[in-house]
Amino acid sequence: MSDDHTHVQAFFTARAADWDRRFPDDGPAYATAVAALGLREGGRVLDAGCGTGRALPALRAAVGPSGVVLGADLTPAMLRAAARAGRDRDGALLLADVAVLPLRSASLDAVFAAGLIAHLPDPAGNLREIARVVRPGGVLALFHPVGRAALAARQGRTITPDDLRAEPNLRSLLTRSGWRMTSYTDEDTRFLALAVCAG
Ligand SMILES: C[S@@+](CC[C@H](N)C(=O)[O-])C[C@H]1O[C@@H](n2cnc3c(N)ncnc32)[C@H](O)[C@@H]1O
């Protein structure tokens, strides 16, 4: 386990029990972001960095009972909170690092990742691993229920031009990682970047 992972796990372990109570009104925003993936009945989707599994009910609704929904996270306490909330009924929970996913290549139609990329020590390498498990033409959604400026204000910092999620930086990062960015939205009430797997 790297130092980065120890830090991430400590950070989210301390927040796991209260995570859903801190953001009680985000449900509709997650549902709208999931809809942007264009999933079909019977589809196969991963929630990467699923945390307490807030997106899992919407993902399950999108693919129906015949679909496959997986939630992967590095922090056991977040997955325990997901199970306590009953989210394991909507998707299978995996204790896994997105750097090395225990999934077959090209086995998924889509990946949803909310609040994940800012925490990755190697965003390009990790996005390449995520691309590996998605079929060519499959879709990635990088989502946050708050836009970049509003999040920075909440955290008491300012956004610098080297911000990973600034549009030109993210477009370039995705291109280097096996993705083609197809849409980018950064407004107060949501951040959503969509990309297609180049295959
Ligand atoms: C900001 S939280 C978001 C959780 C959830 N997606 C949500 O929207 O409520 C980020 C999550 O990513 C997980 N995470 C961070 N790095 C990870 C990695 N390398 N592999 C898997 N999960 C990771 C953390 O444990 C944490 O649960």
Side-chain angles (χ1 to χ4, degrees), residues 1-37 45-60 62 69-88 90-103 108 110-134 140-148 150-152 154-155 157 163-165 173 177 189-194:
M1 185 65 58
S2 74
D3 283 354
D4 292 313
H5 290 164
T6 307
H7 174 78
V8 165
Q9 287 181 324
F11 183 87
F12 286 107
T13 297
R15 286 160 179 77
D18 279 343
W19 192 255
D20 288 10
R21 271 196 295 275
R22 285 174 65 198
F23 310 109
D25 304 322
D26 285 350
Y30 276 73
T32 304
V34 165
L37 284 173
V45 61
L46 167 69
D47 184 356
C50 66
T52 58
R54 293 195 289 166
L56 296 179
L59 292 170
R60 172 57 67 192
V69 178
L70 306 171
D73 203 283
L74 192 66
T75 306
M78 291 296 261
L79 293 176
R80 283 197 295 274
R84 269 199 306 277
R87 307 249 166 78
D88 53 346
D90 289 313
L93 302 178
L94 311 174
L95 180 61
D97 182 351
V98 297
V100 199
L101 287 165
L103 299 172
L108 301 176
V111 172
F112 184 81
L116 176 69
I117 63 164
H119 299 285
L120 300 177
D122 174 17
N126 297 165
L127 285 169
R128 256 195 302 280
E129 170 64 355
I130 292 173
R132 180 188 66 79
V133 300
V134 174
L140 171 68
L142 300 175
F143 172 67
H144 201 289
V146 178
R148 287 190 309 135
L151 184 65
R154 185 199 278 174
Q155 295 173 342
R157 56 181 176 84
D163 181 42
L164 187 70
R165 293 190 298 145
L173 172 66
S177 316
T189 53
R190 72 169 178 164
F191 175 91
L192 181 65
L194 298 173

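All residue numbers in this chain count up from 1 along the given sequence. When a ligand or atom number is given, it counts from 1 through the structure's own listing order.
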Give the minimum heavy-atom separation between Leu164 and Ile117, together with the two atoms involved.
CD2-O, 3.7 Å
For Leu127 versus Ser177, what's the shortest heavy-atom pair and its separation?
CB-CB, 3.6 Å
Separation between CZ (Arg80) and CG (Asp73), nearest 0.5 Å, reads 11.5 Å
For Thr75, the ligand 1 atoms whose distance to one of its heavy atoms is below 4.0 Å:
24 (C), 25 (O)
Taking distance alone, with N or O pairs closer than 3.5 Å, would you say Thr52 contacts ligand 1?
no
Ligand 1 and Asp47, any nitrogen or oxygen pair closer than 3.5 angstrom?
no
For a quick test of reading the model, state the closest non-hydrogen atom pair linking Arg60 to Asp90 and the distance between them.
NE-O, 3.0 Å
Atom indices of ligand 1 within 4.0 angstrom of Leu116 heavy atoms, with elements:
12 (O), 14 (N), 15 (C), 16 (N), 17 (C), 23 (C)
Please determine whether side chain to side chain contact (heavy atoms under 4.5 Å, CB included) holds for the pair Arg87 and Asp47, giving the CA-CA distance in whole Å, both sets of side-chain angles, and the decisive distance to 0.1 Å.
CA-CA 12 Å; Arg87 307 249 166 78; Asp47 184 356; over 6 Å; no
Nearest neighbour in protein (non-hydrogen) for atom 18 (C) of ligand 1:
Asp97 OD1, 3.6 Å
Please check whether Asp73 reaches ligand 1 - meaning an N/O of the residue sits under 3.5 Å from an N/O of the ligand, judged on distance alone.
yes
Hey, is ligand 1 close enough to Val8 that some N/O pair sits below 3.5 Å?
no
Gly49 N/O under 3.5 Å from ligand 1 N/O
yes
Nearest non-hydrogen protein atom to atom 7 (C) of ligand 1, with distance, is Tyr30 OH, 3.4 Å
Return the closest protein heavy atom for atom 1 (C) of ligand 1 as residue, atom name and distance.
Gly115 O, 3.4 Å
Given Leu151, Asp26, Leu192, Leu116, the one that forms side chain to side chain contact (heavy atoms under 4.5 Å, CB included) with His144
Leu151
Flag, side chain of Arg132 to backbone of Leu101, donor-acceptor distance under 3.5 Å:
yes
Does only the side chain of Cys50 get under 4.0 Å from ligand 1, or the backbone, or both, or neither? Count heavy atoms.
backbone
Contact summary for Asp97 and His5, nearest pair of heavy atoms
OD2-CE1, 2.6 Å
For ligand 1, is there an N or O atom under 3.5 Å from any N or O atom of Leu74?
yes
Of all the atoms in ligand 1, which lie at a distance below 4.0 Å from a heavy atom belonging to Leu120?
19 (N)
Any N/O pair Ala114/ligand 1 closer than 3.5 Å
yes
Can you tell me how far CZ of Phe12 sits from OG1 of Thr52, rounded to the nearest 0.5 angstrom?
10.5 Å
Taking only heavy atoms of Met78 into account, list the atoms of ligand 1 that are under 4.0 Å away from them.
27 (O)
So, taking the atom named CZ in Arg15 and the one named OG1 in Thr75, what distance separates them when rounded to the nearest 0.5 Å?
11.0 Å
Spatial distance of atom CZ (Arg54) from atom OH (Tyr30) [nearest 0.5 Å]
3.5 Å
Quick one: nearest non-hydrogen protein atom to atom 2 (S) of ligand 1, plus distance?
Phe12 CE2, 3.4 Å
Check contact between Phe11 and ligand 1, using heavy atoms of the residue and a distance below 4.0 angstrom.
no
Would you check whether Ala99 reaches within less than 4.0 Å of ligand 1, judged by its heavy atoms?
no
Inter-residue atom distance Arg190.CZ - Thr32.OG1, 0.5 Å rounding:
7.0 Å
Interatomic distance, CG@Asp163 vs CZ@Arg157, rounded to 0.5 Å, equals 6.5 Å
Asn126, any N or O under 3.5 Å of ligand 1 N or O
no
Atoms of ligand 1, numbered as shown, that sit under 4.0 Å from any heavy atom of Ala96
20 (N), 21 (C)
Nearest protein heavy atom with distance in Å, relative to atom 20 (N) of ligand 1:
Val98 N, 3.0 Å
